[in-house]
Structures are given as C-alpha cells and as structure tokens.
Amino acid sequence: MLLFIEQVLNGLQLGFMLFLLSAGLTLVFGVMNLINLAHGSFYMVGAYVAATVMLATGSFTLALLLALLSAALCGLLVEIIVLRHLYQRDHLDQVLATFGLILFFNETTRMIWGRQPLFMDVPEAFAGSVEILPGVPYPLYRLLIIGIGLLVAGGLYLLISHTRLGMRIRAGASNRSMVAALGVNIRWLYSLVFALGALLAGFAGVMAAPVFAVESGMGESILILTFVVIVIGGIGSVKGALLGALLVGLVDTLGRAFLPDLLQWLFATPTANSIAASLASMAIYLLMAVILAFKPRGLFPA
Amino acid sequence: MFELNRKTIILSIALLALVLLPPLSIALDESYVISSMSRVLIFAMAAISLDLIVGYGAMISFGHAAFVGLGAYTAAILGFHFHEDIAMFSFPFEFSGSNQLLISLLLAMLVAAVVAAITGMICLRTHGIHFIMITLAFAQMLYYLFISLDYYGGEDGLVMLARNELPWVDLADDSQFYYLCLLFLVAYLVLSLRLVNSQFGRVVRGCKINEQRMQALGFNTYWYRLVAYVIAATGAALAGALLANKTEFVDPGLFSWHLSGELLVMVILGGMGSIYGAVIGAIVYLLLEQIFAAYTEHWMFFLGPVLILVVIRARHGIYGLLQKWWTANV
Amino acid sequence: MSEIVLHTDKLCKSYAGLRANHNLDLQLLRGEIHALIGPNGAGKSTAIAQLSGELAPSSGRIFFNERDMTSLPVHKRARMGIARSFQVSSVFDEMTILQNLALAVQAHHGHSFRFWSNINRHRSFNQQAHALAEQFGLEQLQDVLAGELGHGEKRQLEVAMTLAGDPQVLLLDEPMAGIGPGGSKNLTRLLDGLRGRYSILLVEHDMDAVFSLADRISVLVYGEIIATGSVQEIRDNPAVQQAYLGESEESAHAQA
C-alpha cells in the first residue's frame, strides 16, 4: 500500500511534467494547426542550460531563469525563421521540417556539450525528503514538481479563461479566420503562443534535469509520450492535455511498477517477467490505441 | 512524344548506371560502394512502399519502419532457428526456420500483412494528425516488444549467421546480392506503377483528394484504404527482409520512429506521389548522409537545415523539378 | 407521379442542444423536382446531409422505396441509387473531367479491387464518362484537369458526377451557388432536361431557378417545414411570405 502511494506520486510527477510539455504543443496545434516534432528540443534546451548554469554558478534560481529565457528565445527564433512558413502547409511538410529541426538541435547540443550526458544535482533547498505519511518518505524535489505542475495548470486555466490574451487564443483555436477578421494581429499572437509553449517545455526540462540524465536526444523519448498525451486528450484542448498527461503518467508508472509482480503472481513463469516488461512499456500505446479506436478524435475533441 | 523521350532517356541512363556500378567500382578498387548501394536500393523499395500510401492515399504513416523491422526480424528469426536447429513451433507440423530467401521474403510479407491488417483497422478509423500519431504509437509498441524479446537478442539485436540461400545465386557475393536487390527494386517499381494506375489505384487517389466525395459516389473508402495500407506494409517487409540479409544483423532500432521519419524524408525529398520520386529520394538522402558524414561527424547539423530548405522551397521534390524540366521547352 | 421514393419520418438533428432540424416530414415523389428552400441556417444542408448519410439523425427515420435506411452508411445509400452533389464544389481537382466522371461511373460497377490493368484505358468507363460529359456540354474540356476549370464548369461537373450509375434520387445542394445569372440559366436548362427521369431534391437560393424548375416546394424555417405545395401555393401562402419570401428576395439579391 505504501509502495502504491509512492508510485502514484511518481505517476503524478511524470504526468505533470508531461502536462508542461503537452500544454504548449496542444495549443500550438489548436491555434496554428501546426505539428511540431521539435517541441522536445525546447525541453532539451531548458535542461541543458539549467544543468550548465547550475554547474557553473550553483544558483538554481539563475539556472531556472536562464533556462526559461533560452527555451522561449529558441522557440521564438524557430517560429520566426522556419515555422511561420509552414502554417498554411499540410501536416506532412510540417512533420518533415520539424524533423529537420530535431536533427539540427540534437547535433548542435552534441557539438556544444559533447556526447556524454550531464548530471544536475537537486538544488540544495529541495534536497532531502519529507514524510508524506508516517513511515513514507518522499523526495521533496519530486513533490515540488507536482506542486509546480498544479500551479502551472491553474495559471494556464486562468490565462486562457480569464484574460484577453486567453480569449484570443481560444478564439484562434476554434476559428482561425474569425480571429484574423476581428483584426487581432495574428502574427504576434502566433509568436507569443509559440514562445509560451517553448517556455513551458523548457520549464519541464529544468524540472527533469535532476531526475533524468541530460543528453542529446532526450527530447524525443518524452516527445513521443507527449504526443500520446495530446492525442488521447484531444488535440487543441488544454483540459484534455491535463487529463491525458495524468492518465499517461499514472498508467506508465504504475504499469512498470506493478505489472511484473501481477504477472508473476498470475503465471509464475520466468517468461512472465519479460512479458510484463514489454507490456509495461507498451501500456500507454495500448491505452492510446484503445481510446482512439473508440473515440477517434480523443477524449475532449476541440 | 518528345517529352516522353526525354524521360525515357534519363530513366535508361539511370538504370544503366546502376547496372554498371559493380564492375565499375571493382575496377576503381572501391568495391565497398557495391554494398552501400545495395542498402540504398533496399531503402528505395521501402520508400516506394511508403509513397504508395503517403503520396497516393494521404495516409501519412509515421510508423512505416515497423514493417521494415517486422520483415527484417522475420528473416533473421527464421535464419536463427534454422542455424540453431530449434523448432519455432511443432504444431500442426514441426517447423524450425528456414534459410531460403524466397520463404523468408514470403513469410516476411505475410507477417507484415497480418499486423498491418490488424493495426490498420484501428488506425484507419482516424484521420490527419491522429493517423500520424497512432501509426507512430503502434510502431513504438513493436519497438518495445522486440526490445523485451530477450530470446531474440532483446535490445542488442540478433545476428544472422549467414545470408539466405537462393538457387543459382550466391547471396554472399556482394555483386550478386546487389543485382538481386536491383532486380527486386525494378520489379517492385514496375508493380507499383501498375498499381497506382489501376482501377484500385484511382480509388485510392480519389480517397486522398476527397474522401467525402468518394463515399458519396458509393465507394466504401475504408476497405480500399485498408487494403492499400496492407499492400504498402508488405513492400516495406520485403525491403526489411532484404536489409536483414544485407547487414546480417537486426536490432529494434529498425522499428524506431527515427527510421520512419527518414523514410518519410526520402519520399518527400524525391517528390511524393510519383513512385520514381521515392527512389530518387532514397538515393539522394542516403548519399547526402554519406557525403556529409565523410566530412564531419556532425553531419546532421547540416542535413537538418537542408531538409527544412527542401520542404520550404522545393514543394514537389526532386522529381517535380525533373518533371518540369522534361515537360518544359517541348 | 404519386409514388413516394424517399421520405422522412419526424427527422430531428440537434447539436449540443441547438436544434438544426425538427420533426422533418419530407416526401419526395418519383420523377418530381422538389425544391427545399428557406433562409440561411434553416437546416437545408443538414437535411441533405442526413438524407445522404453523412449526419446521423438525433431521432426520426428515413425511408427509401419503403425501406428503412436510417442507419445505412453513405456509400451504401449511394450504391442504392441516392446521389448527391455538394454546395462547395468537391470534384477531384487533380484529375481530368473524364477521369472524374469515369471514377463516378466506376463506383457503380462492382468492386474496384483490380490492381493491374491501366484504368485510363478502361473503355466502358471512359465511354460512359464521355457520354456524361457530352450531356453537360463538357466534352470539349474532358481532358482538362478539374482544378483548372472555371467555377461554372466545375458546378456542371459536380452535377454531372451525380448522374453516373443511373441513380433514382438526386440530392442537389445549391447547384447554382455562385455561378452568376448566365451560368445559372444554363444549369437550369440542363436540370430541366433531367425532369421525369430522376427524383430530384433541390436545395437552392436562386429563386428564378426554383420557380422555373420545381414541381413542388417545401419551405424550411428554423429547422421545421412550414409549408409544402406547388409553386403557386407557396407563392400565395401568407405564412411563407411572412416568414421567408420577403427576406429571401433580399438575400438573393445580396448574393448575386
């Protein structure tokens, strides 16, 4: 039972990290109708910059600020230089061009930071653990990630449902030409939404840096999870992204933690372990296939 | 007729160059070229098979590599059981693998067809970006499945002890293997051209242009798209089985989304919806990769922006440019 | 003339509480041209989409030759003989006129799982396609890509495609949309030539075309049919005048 609570927390932590990534991605798709495979690159940039600054200065605050800034800046540049030309194109062109961006970003980080992964320590203020229940210690930093995820989710909700900018974003997501007709400066809106998405992805990168290894290509493994999230949630829906992220985070974590034991218990054969391992890593894809088979446009189609 | 001639001349020259490549490269003492060109020919087949659904059916599969991987693993596993003499199954009859190329290829295509039919039934319920993502998801599932198959090497992959056998042909000889690949490629190219110009091909193209209208006309578009999807998968599996023979090694990386992405790049670079374009795309992409790689280990740093430029500037790919050229100044 | 080909029974459609159609009882008689008119947003396109099978009704049923086909998919209805045209031309832009028509013909000739012979040389499809092109005065243009056609010609092709396979019912969704008075006259003449051979449900804003073509007219307002009758009956109907005609003259002028 205690293990279960711990794993649920781990699942939530992964879920909120995925949410940070998918919120931006789903908005970019909803508002600009753009598939951006390179979204994971901003996550990677955030992680690298944070790890580097942290190593050099030891200041987590500075690391966080610079990481967010560089992720947002990267996003802005990419939007202006490349993606702007692709809004009117079909998804295939977007997939390809952003695939090119991935190659470029991955290789650039390799040129700057080398092939060896970087490791970033948990900032001192958040090191150690707290007892969430009597006898159940849990790392403070991981709790922090959950807390920040909640904050960002709340913040995004306020931004989107209670501000002028949010109103425009929502309008843009549901009817692009209408927003243009209303005289909103679409270019500016697009750049802003894109930079915001990149910033959130960079944020996720900073959060992830002390948990995972910081290495070139780290963006892709999580990107695919992110896509699963937004497809499950319904593309363009932030609410769907939140739900999808938590679902994927929990299913993935709990599957990996408990499926092997469960199968062992059921079949008690040596192959059960290997089957369980593969089932666990396939679990979220199975989840996605099942959901799409019944709801081809996701849980909350925009 | 002049425009036709120009096209025919170019195609003949290209074919001639491919036929002459082995003796030439041996004469120039660069025989490694033969082996790497075999790889290019095999990828050209895979790219054609992808073009069948992407270029003609608007089914943008981001998991096509999965079928390449299935084909490759089929050949490798058959070979593994044959050489180790371990039964794969003993009911209804005992079967312990095979090292016959034709059997490998056939079974590879069969396995891919079955998997494509099952996954396709789910994938084709979705459209647009959802289709892209669900094909990716299924490919990822297979990727993790093969990683966890410790019996067949898991993450480390599986070595084929020897290439398959084919009567009268020595596949171990790089030149002969090359010609076999070339033969398969040409045959596959011709078949694909027939396919896209057939009654079935027109229906699939119609589904790409306007599926709603196709249904209103009375076509059950779902089944036509599904059959197209299965056909494309068998082509990729064929290429995969040949690839396993070429490298004599398979690993789960064959299923990776990276390879799926590269196949898409080949199709687009060459010019989708033209069959020939897929071949050109495969050749150019893999050559570019080798050229960049010869100068710098950071070749992706250059390849990435080249891709972006191609997408933004040259919308119909290289074949589109060629076509403009041979239909111009008539 | 009194046999019913297609009829609906209390057909309803609502989107998230918004009523698009309510208790639609529509009867299409064999051989008649039945115009469905009404102001924008009255639910005409929704009705066509339900009849052709693209939209599942929220409730109610649809009968074709006395057979309940409420839950049949689009392609089955098409093969049974219900053809439709689209308000926004949806022809195959990257194919020639002949190929467009041949594809429409092909839809009604068994299955198309034929993988080998070249479809461009299919004599019987091409002949029937050519005949359709001729009937609509498009034979000179038959080798032109549909995407390169003028708007009027596209509209003609759009309607011509519905005739392939000799359907019983034509559902024409604003065939005259945006083609101007000249094109409209031409298409009216062509549709008049189809009279008696097909049962046509015509959704149209062009009142000249409606009054000259229709045997009967149904008026749809806010998703409900408020009147059905001959041209004269509809013209004289005070409720129709009140609810619709005055307004539609304006909108027809605004569109022209």
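Chain letters run A, B, ... following the sequence lines, proteins first, then strands; residues in each count from 1.
- Residue His316(B) places its NE2 atom among 12 or fewer non-hydrogen atoms of other residues, nucleotides or ligands, all under 6.0 Å distant.
- At a threshold of 4.5 Å between non-hydrogen side-chain atoms, the residues Phe67(B) and Leu263(B) do not count as touching.
- Between Trp113(A) and Tyr48(A), the angle of the ring planes stays under 30°, which puts this pair in the parallel group of the 30/60° scheme.
- Within the 4.5 Å cutoff, the side chain of Leu21(A) has no heavy atoms near those of the Leu223(A) side chain.
- For the pair Arg115(A) and Glu215(A), the salt-bridge criterion is not met [side-chain N within less than 4.0 Å of a carboxylate O].
- For a residue to count as touching a neighbouring chain, one of its non-hydrogen atoms must lie under 4.5 Å from one of that chain's; by this rule Val228(A) does not touch chain B.
- In this structure, His258(B) has its ring center under 6.0 Å from that of Phe99(A).
- The backbone N or O of Val311(B) sits less than 3.5 Å from a side-chain atom of Arg89(A), completing a donor-acceptor pair.
- Proximity of the aromatic rings of Phe255(B) and Phe146(B) is defined here by a centroid distance below 6.0 angstrom, and this criterion is met.
- In this structure, Lys208(B) and Tyr56(B) have side chains that are not in contact, with every pair of non-hydrogen atoms separated by 4.5 Å or more.
- Relative orientation of the Tyr144(B) and Tyr285(A) rings is parallel, given thresholds of 30° and 60° on the angle between their planes.
- Residue Phe294(A) qualifies as open at atom CZ: its count of foreign heavy atoms under 6.0 Å is 12 or below.
- Residues of residues 265-278 of chain B lying within less than 4.5 angstrom of chain A, judged on heavy atoms, are Val265(B), Ile268(B), Met272(B) in numerical order.
- Contact of Val290(A) with chain B is not made at all, since no heavy-atom distance falls under 4.5 Å.
- Most heavy-atom pairs under 4.5 Å with chain B: of the set Val95(A), Ile224(A), Leu286(A), Val231(A), this distinction falls to Ile224(A).
- When the heavy atoms of residues 281-297 of chain B are compared with those of chain A, the residues falling under 4.5 Å are Glu297(B), listed by number.
- Contact residues of residues 121-138 of chain B toward chain A are Ile122(B), Arg125(B), Thr126(B), Ile129(B), His130(B), Ile132(B), Met133(B), Ile134(B), Leu136(B), Ala137(B), Phe138(B) (heavy-atom distance under 4.5 Å).
- Annotation for Glu84(B): atom CD counts as buried by contact number, over 12 foreign heavy atoms lying within 6.0 Å.
- We find the OG1-CZ distance between Thr109(A) and Phe104(A) to be 10.0 Å, quoted to the nearest 0.5 Å.
- Evaluation of the salt bridge (charged side-chain N to carboxylate O under 4.0 Å, His left out) test over residues 220-239 of chain A, restricted to residues two or more places apart or in two chains, returns none.
- Interface summary for chain A: among Ile60(B), Val54(B), Leu309(B), the most heavy-atom pairs under 4.5 angstrom belong to Ile60(B).
- Only the side chain of Leu86(A) comes within contact range of chain B, with heavy atoms under 4.5 Å apart.
- Only the side chain of Leu37(A) has a heavy atom closer than 4.5 Å to any heavy atom of chain B.
- Checked against the 6.0 Å centroid criterion, the rings of Tyr152(B) and His81(B) qualify as a close aromatic pair.
- Side-chain polar atoms of Thr221(B) and Glu211(B) form a donor-acceptor pair below 3.5 angstrom.
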